[in-house]
Amino acid sequence: MSVHDDINAVQRCLDDLGRSLGRLEHQLGSDGLEIRRIRLDARHLRESVALLREAAAPAAPRPDLVTISDAPYDITLWTDSDDEGLGARDRRAP
C-alpha cells in the first residue's frame, strides 16, 4: 500500500468511528463527559490526519539546478568596471 492508501484507510476508520459515536450519543445522550471527550479526541484525530495528508502531498517540483564551473572567469568580463571600494582606475583612493 502507498502512503496515500494508508491515509485513506485511516480516514475511513475515522468516518466509521464518527458513525459509531453518533449511535452511542443517540443511546446514551450527549450530556456525558465521556461522550464529549471522545468526540473531541475524534476531532483531534481528524485534524491530525488532515495535517498528515498535507505533509505527505508531493512537493512542488524543484527547478533544474545549474552547475557552476570551478574554472576561473574570463578576466575580460571586468575590463570596463571599477575596483569596488577603491575608486576609478585613473584616480587615487582617499
Side-chain angles (χ1 to χ4, degrees):
M1 283 185 115
S2 71
V3 171
H4 295 291
D5 292 338
D6 289 335
I7 291 173
N8 288 336
V10 169
Q11 186 66 51
R12 283 191 301 275
C13 290
L14 285 175
D15 293 342
D16 290 342
L17 176 64
R19 285 188 291 276
S20 298
L21 286 175
R23 288 190 298 269
L24 277 176
E25 274 185 315
H26 183 69
Q27 294 172 1
L28 300 174
S30 59
D31 297 336
L33 176 63
E34 297 82 9
I35 292 291
R36 288 194 314 239
R37 283 190 63 183
I38 200 164
R39 275 282 180 202
L40 184 62
D41 290 343
R43 189 176 329 141
H44 286 173
L45 283 172
R46 283 186 182 282
E47 292 170 0
S48 296
V49 169
L51 291 173
L52 187 62
R53 186 181 304 275
E54 289 176 15
R62 290 180 22 178
D64 292 334
L65 299 178
V66 176
T67 304
I68 300 175
S69 172
D70 289 334
Y73 289 110
D74 183 10
I75 194 71
T76 60
L77 293 173
W78 290 278
T79 56
D80 61 341
S81 65
D82 294 336
D83 292 329
E84 288 185 29
L86 297 178
R89 292 182 192 265
D90 57 344
R91 289 180 273 160
R92 281 186 337 127

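Since we're looking at a predicted model, the values are computed, not measured.
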(request) Provide the closest heavy-atom pair for Leu14 versus Arg46 in the form atom of the first, atom of the second, distance. (result) O-NH2, 3.3 Å
All N/O donor-acceptor pairs, side-chain side in residues 33-41, below 3.5 Å, sequence neighbours left out:
{"residue": "Arg36", "atom": "NH1", "partner": "Asp31", "partner atom": "O", "Å": "3.3"}
{"residue": "Arg39", "atom": "NE", "partner": "Glu25", "partner atom": "OE1", "Å": "3.2"}
{"residue": "Arg39", "atom": "NH2", "partner": "Glu25", "partner atom": "OE1", "Å": "2.9"}

(request) Calculate, to the nearest 0.5 Å, the distance between atoms CG and SG belonging to Asn8 and Cys13 respectively. (result) 11.0 Å
(message) Surrounding CG of Leu51 (heavy atoms of other residues, nucleotides or ligands, distance under 6.0 Å), is the total greater than 12?
(response) yes
(message) Quick check for you: to the nearest 0.5 Å, what is the distance between Leu17 atom CG and Gln11 atom CD?
(response) 11.0 Å
(message) With rounding to the nearest 0.5 angstrom, report the CZ to CG distance, Arg19 to Leu24.
(response) 13.5 Å
